Amino acid sequence: MTSLSADDSFLNHYGFSHDPFAARVPGFKFFPAQRKPVLGQLHHLARYSQLLLVVTGPEGSGKTLVRQALVASSNKQAVQSVVISPVETLDSNILLQQIAQALGIQRADFDSIMGQIIQLALTGQEVYLLVDDAERLTGAAVETLLRLAQGSPEGRPHVFLFGEHALVTRLEALVEGEERFHVIALQPYEEDETREYLALRLEGAGAGLDSFTEDQLSRIHEVSGGWPGAINQAARDELLDAMQQSKGKRKSAGLALPLPMKHLLALAAVVFVVAVALLMRDTDDEPVAPTTTQLPLDSGGTVASQSENAPPVAPTVQPDRPVIREPLAAAGGAEADDATAPDEDLPMIAEEPSPVTARPPAEVPAPIVKNERPAAAAPQPKAPEPVAKPAEVKPEPVNTPANWYAGQPKANYLVQILGTRTQANAEALVKQHGEGFRYFVKQHEGKPLYVVTYGNFPSRQAALQAIAAMPASLKEGKPWARSFASVQQEMAGTR
């Protein structure tokens, strides 16, 4: 399945030409008005400042889009752009090799690269070094970029790092208070920008914003916090939920077949065989006259019977075995005094007898019983077989992060600080800020994402107040309030 495809039922249900909320859609570009000043600021600082420039934002905040816009809007005659996008941890040696290859030089060491940059400066060309997902750089690689950005009087490259906010903490530790970098934090979309973004996504797939209700649009913006990556996920979840509800209603209204036809035919054959077996069993049973009153046995072992308003019938010799009775309902309401053993292959079903109108019995002289045989004892039911106890499942340790988040009230709120692909970044941030900071793991685009959170608040307003009291270094990442219910739902989808 490519990045432009999705489940056929999802596409067919809404008539999409492709999944409008896939992570990568070729040709899709959305640059809201609030991001244009960021782009202008980057160009201005690159021209007049000697600082390393850092663009921060959580996972899915649109950092890559800003980087693409910066390259596209640069003067191609005067600027040579070197873009590095690490897919995993990138150390200093590999970083220098990639820069040297892009600049077309053989030696991949610091001095050779600086020499080439100075030669380009003498011809009027500048070098832009742009690094996506810069949080994947090792400490040595970050230090190398700081040295390159500092350059020399003859020339230097303009270095741009696009990464998560945890990168700023590492830079601060390296510069030791010196002013060697400048941070620009991206802002989430406003609600009208979220709507504009969704409309453009849907338009590319051949649909419109009317695919959502007003309630859904408001919920998408609130759940996502206005970050593009989270908007995609929330929008797709809303459409999938609506599709499932629609299918459920159609199934309840129509005669939907829950099983394939071949399974239904096999089931019908089994039912037919069972029905034939039951009919054959009923045929073997001896019929009992519905109005016959059974009398005790006489001394000869015969049964004296007397039909209502009929002359006496000659006695009949019966074999020495219990008389098989039909069920009470099948005997026309006649009361059975001998219980027969139930078929062990069939469940015993207690039937409530329908009321029967009493009729006055015919006067029958009391028979003289010489040797009355005791009634045969009813067979004892078989003792139920012991049920095997299910295997005992050992619960997870109570102190795991997953159990902590799952154990909080769904209506409570927390503050989401940031999401990072690197577990070490999440652990470092939690350790740095201490009590109240935790992180959980979820799946995003098929890879683990480590989400750092703070606190446990009884209301959204209390969480917003906590955000207002946070230090400026955390506010730059634009933390946002979200419910524990949404976190628990994300974690459940990861298991």
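For the numbers below, each heavy atom of this structure counts, side chains included, while hydrogens, waters and symmetry mates do not. Note that the coordinates shown come from a computational prediction; the quantities given were computed from them, not determined experimentally.
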Chemist: Determine yes or no for a side-chain-to-main-chain donor-acceptor pair under 3.5 angstrom, with Lys63 supplying the side chain and Gly57 the backbone.
Modeler: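 At least one qualifying donor-acceptor pair exists.
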
Chemist: Residues two or more places apart in sequence or in another chain: which of them pass ring-ring contact (aromatic ring centres under 6.0 Å, His included) with Phe181?
Modeler: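 By the ring-ring contact (aromatic ring centres under 6.0 Å, His included) rule, Phe181 matches no residue at all.
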
Chemist: Between Tyr189 and Ile231, is there a side-chain heavy-atom distance shorter than 4.5 Å?
Modeler: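 Heavy-atom side-chain distance check passes, below 4.5 Å.
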
Chemist: Above 12 or not: heavy atoms from other molecules or residues under 6.0 Å from CD of Gln101?
Modeler: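 Atom CD in Gln101 is not crowded, with 12 or fewer foreign heavy atoms closer than 6.0 Å.
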
Chemist: Under a 4.5 Å cut-off applied to non-hydrogen side-chain atoms, are Gln116 and Leu103 in contact?
Modeler: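 Yes, side chains in contact.
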
Chemist: Decide, yes or no, whether a salt bridge links Glu59 with Lys442 under the criterion of side-chain N to carboxylate O below 4.0 Å.
Modeler: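 The answer is no: the pair does not qualify as a salt bridge.
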
Chemist: According to the side-chain hydrogen bond (donor to acceptor under 3.5 Å, both in side chains) rule, which pairs have a member within residues 72-88, sequence neighbours left out?
Modeler: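 Pairs touching residues 72-88 that pass the test: His43-Ser73.
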
Chemist: Around Phe484, counting heavy atoms of other residues, nucleotides and ligands shown, do more than 12 lie under 6.0 Å from its CZ?
Modeler: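 Above 12, so yes.
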
Chemist: Is the NZ or CZ atom of Arg236 both under 6.0 Å from the centre of the six-membered ring of Phe10 and within 45° of that ring's axis?
Modeler: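 The answer is yes, since Arg236 meets both limits relative to Phe10.
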
Chemist: Taking only residues two or more places apart in sequence or in another chain, which ones pass side chain to side chain donor-acceptor pair (under 3.5 Å) with Thr194?
Modeler: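 Listed in chain order: His221.
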
Chemist: Counting only heavy atoms not in Lys475, do more than 12 fall under 6.0 Å of its NZ?
Modeler: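 Enclosed: over 12 neighbouring heavy atoms sit under 6.0 Å from NZ of Lys475.
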
Chemist: Any donor and acceptor pair, going by atom type alone, linking the side chain of Ser49 with main-chain N or O of Ala46 inside 3.5 Å?
Modeler: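 Not at all, since once roles are kept as given, no pair shorter than 3.5 Å links the two residues.
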
Chemist: Could you work out, with salt bridge (charged side-chain N to carboxylate O under 4.0 Å, His left out) as the rule, every residue matching Arg147, not counting sequence neighbours?
Modeler: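 Residues passing salt bridge (charged side-chain N to carboxylate O under 4.0 Å, His left out) with Arg147: none at all.
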
Chemist: Restricting to pairs with a member in residues 106-156, which pass ring-ring contact (aromatic ring centres under 6.0 Å, His included), not counting sequence neighbours?
Modeler: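 Listed by first then second residue: Tyr128-His158, Tyr128-Phe160.
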
Chemist: Give me the ring orientation class for His44 and Tyr48: parallel if the planes are under 30° apart, tilted from 30 to 60°, perpendicular past 60°.
Modeler: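 His44 and Tyr48: tilted rings.
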
Chemist: Report, as yes or no, whether the 6.0 Å neighbourhood of atom CD on Glu172 holds more than 12 heavy atoms from other residues, nucleotides or ligands.
Modeler: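 Above 12, so yes.
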
Chemist: Does this structure show an ion pair linking Arg482 with Glu490, if we count only N-O contacts that are shorter than 4.0 Å?
Modeler: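 Counted as a salt bridge, because a side-chain N and a carboxylate O are separated by less than 4.0 Å.
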
Chemist: Decide yes or no on salt bridge (charged side-chain N to carboxylate O under 4.0 Å, His left out) for Arg67 and Asp132, but give the supporting numbers first.
Modeler: CA-CA 8 Å; Arg67 190 267 299 162; Asp132 259 342; 2.9 Å; yes

Chemist: Answer yes if the side chains of Asp237 and Gln233 hold a donor-acceptor pair under 3.5 Å, and no otherwise.
Modeler: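 Result is yes, a qualifying pair exists.
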
Chemist: Does one side chain, of Ser152 or Glu154, offer a donor that lies under 3.5 Å from an acceptor on the other?
Modeler: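 Looking only at side-chain atoms, Glu154 and Ser152 do form a donor-acceptor pair, the distance falling under 3.5 Å.
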
Chemist: Does any part of the side chain of Leu95, heavy atoms only, come nearer than 4.5 Å to the side chain of Ile84, both counted from C-beta?
Modeler: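 Yes, side chains in contact.
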
Chemist: Quick one: list whatever passes side chain to side chain donor-acceptor pair (under 3.5 Å) with Arg201, sequence neighbours left out.
Modeler: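 Once residues adjacent in sequence are excluded, the partners of Arg201 under the side chain to side chain donor-acceptor pair (under 3.5 Å) criterion are Tyr197.
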
